[in-house]
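Here's the structure we're looking at; comments come further down.
Only a predicted model underlies this, so the values are computations on that prediction, with no experimental measurement involved.
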Amino acid sequence: LQNLSQTRYDNDIQTRTLSIVPPYNASFEIPTEPVRVDPGNSEQASFGIRSTGRLAGTWSLSVDGAALPDGWSWEDQTPGGSTGVEIGVGEVWYPVLIIVAPQGALGSDAGYLGLTISHDDGDAMVSANLPIEANRTRGLSIRGPDGTSHSTGYGLVSEEAMAWLLIENVGNAAEGQIAISWESTEWGSDLRIFDSEGSEISALSLGPGEVKEVTARLVVPTGTSLGESVSTPMSMCVGVAEEQECSEVILYFIASGAVVQPSHQRSVPALGLTWEVIANLPESSASVNWSLSEAGMVIQGWSWQGSG
């Protein structure tokens, strides 16, 4: 008999990923649409806070209204208050916050409430923003991925940094002449806007209630160090003179060694989503690592696959 020796070893390695669920954790469940309030009226904010840890805990909610427009206010009408609230494992608590808009609220008024949920007996703490807008019959809503008037775009050096935006005509008439302006940055002023298909938009128009996903793009100059950033306000206006309504968003662009494309996706349940990770690896590295849990992407019922 002849001894048989192993000639292949590539199937010997197996990998298992273990996710450690913290004892106390929570997440905000906030609608993607802002809370819209008519001038002189109030509106209840609808959102939930889910306990995602291994154990039930006692939590307290703090609210920061510093980013609300001038003259706006909020009230906590949660039955029993928003401190010392027991949330069971997997359960959702629904606070009751009332947003009050002044009689003279402008159509361009937009802001947010800063929400922080803290575990009373530990260090667990989670924050989120609740976007707020004035209801209007003519005007634009410009929102970033988190629903606020901010968006951040990451880009490889010598390539484009892309900041995702959602632009909505919140009026009841078509807007065919939308004026767009921005300020120059240390990386130049050649800011360009592209639609979700990757085509550049030279003139933006929106029908009544139409929503359009776009990316604002700025080239990261050659020689820029990783982590360097620039920012610029971008305004979009409809109408003229006294009838003009403007909305503004703050764009941040950051030089990065790795980017994910697309940077943001809106979808519905049961539809598969795909992202592509693109990186400029240094010569000393042959791989790139990332954490789905730290990115907040580990969601119950979701499954992930990777290749490449």
Side-chain angles (χ1 to χ4, degrees), residues 32-34 66-69 106-112 114 127-134 139-170 175 178-206 210-238 244-266 275 278 295:
T32 57
E33 298 293 327
L68 286 177
L106 301 176
S108 58
D109 281 0
Y112 60 89
S127 298
N129 293 328
L130 178 68
I132 310 293
E133 283 189 354
L140 300 173
S141 167
I142 314 175
R143 310 191 293 275
D146 66 350
T148 66
S149 55
H150 301 80
S151 184
T152 300
Y154 295 87
L156 303 177
V157 176
S158 302
E159 298 188 16
E160 291 178 326
M162 306 180 190
W164 185 92
L165 294 170
L166 190 70
I167 305 172
E168 179 182 2
N169 178 4
V170 296
E175 298 291 355
I178 300 176
I180 306 175
S181 61
W182 57 85
E183 297 179 2
S184 180
T185 73
E186 294 180 358
W187 294 353
S189 58
D190 189 18
L191 185 71
R192 299 188 295 166
I193 299 177
F194 291 75
D195 62 20
S196 57
E197 302 298 325
S199 300
E200 185 173 3
I201 299 175
S202 56
L204 179 62
S205 61
L206 294 171
E210 183 180 357
V211 179
K212 183 169 292 187
E213 294 183 35
V214 303
T215 53
R217 305 185 185 186
L218 185 66
V219 174
V220 182
T222 301
T224 303
S225 299
L226 299 183
E228 288 188 21
S229 65
V230 296
S231 64
T232 181
M234 184 175 70
S235 297
M236 295 189 182
C237 301
V238 295
Q244 187 177 68
E245 292 284 349
C246 296
S247 294
E248 184 178 272
V249 62
I250 306 297
L251 302 176
Y252 301 90
F253 298 99
I254 302 175
S256 176
V259 297
V260 176
Q261 295 182 357
S263 59
H264 183 70
Q265 296 190 63
R266 302 177 82 218
W275 286 268
I278 304 173

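- Within the 3.5 Å criterion, the main-chain N or O of S151 finds no donor-acceptor partner in the side chain of W164.
- Taking every heavy atom of both residues into account, W275 and P262 meet most closely at CD1-O, 3.0 Å.
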Next on the checklist: Assess the residue pair E175 and E210 against the criterion (side chain to side chain contact (heavy atoms under 4.5 Å, CB included)); give the C-alpha distance rounded to whole Å, side-chain angles, the decisive distance to 0.1 Å, and a yes or no.
Outcome noted: CA-CA 10 Å; E175 298 291 355; E210 183 180 357; over 6 Å; no

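- The distance from atom CZ of F253 to atom OG of S229, rounded to the nearest 0.5 Å, is 11.0 Å.
- Of the possible donor and acceptor atoms, one in the side chain of T232 sits under 3.5 Å from a partner among the backbone N and O of E183.
- Considering OG1 of T215 and CG of L218, their distance stands at 12.0 Å, rounded to 0.5 Å.
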Next on the checklist: One pair to check against side chain to side chain contact (heavy atoms under 4.5 Å, CB included): V220 and L156. What are the steps and the verdict?
Outcome noted: CA-CA 7 Å; V220 182; L156 303 177; over 6 Å; no

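- Residues V238 and L206 fail the side-chain proximity criterion, which asks for heavy atoms closer than 4.5 Å.
- Between Y252 and H150, the angle of the ring planes stays under 30°, which puts this pair in the parallel group of the 30/60° scheme.
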Checklist entry - Going through the distances and angles, do M234 and I193 end up as a side chain to side chain contact (heavy atoms under 4.5 Å, CB included)? => result CA-CA 11 Å; M234 184 175 70; I193 299 177; 4.1 Å; yes

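- Side chain of T185 to backbone of W187: a donor-acceptor contact under 3.5 angstrom is found.
- Distance check, rounded to the nearest 0.5 Å: OG of S235 to CD1 of I180 gives 10.5 Å.
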Checklist entry - Could you walk me through whether I167 and I178 pass the side chain to side chain contact (heavy atoms under 4.5 Å, CB included) check? => result CA-CA 11 Å; I167 305 172; I178 300 176; 5.7 Å; no

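- Using a 4.5 Å heavy-atom threshold, the side chains of M162 and Q261 count as touching.
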Checklist entry - Under the salt bridge (Lys or Arg N to Asp or Glu O under 4.0 Å) criterion, do E168 and R143 qualify, and how do the steps go? => result CA-CA 9 Å; E168 179 182 2; R143 310 191 293 275; 3.1 Å; yes

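- Residue G114 comes nearest to N129 through the heavy atom pair CA-OD1, 3.9 Å, listed as atom of the first residue, atom of the second, then distance.
- The shortest distance between side-chain heavy atoms of I132 and L68 falls below 4.5 Å.
- With hydrogens and angles ignored, the 3.5 Å screen pairs no side-chain donor or acceptor of T222 with any backbone N or O of S158.
- Put simply, CG on D195 and CD on E200 are 10.0 Å apart, with the number rounded to the nearest 0.5 Å.
- Shortest non-hydrogen contact noted between G223 and V157 is N-CG1, 3.9 Å.
- Shortest non-hydrogen contact noted between G147 and P131 is O-CB, 3.0 Å.
- The closest donor-acceptor contact from the side chain of S247 to the backbone of L140 lies under 3.5 Å.
- P145 approaches H264 most closely through the heavy-atom pair CB-ND1, 3.7 Å.
- Counting only heavy atoms from C-beta outward, the side chains of E186 and E228 never approach each other to under 4.5 Å.
- Between E33 atom CD and E133 atom CD the span is 8.5 Å, to the nearest 0.5 Å.
- In this structure, the separation between OG1 on T224 and CD1 on I254 is 12.5 Å, given to the nearest 0.5 Å.
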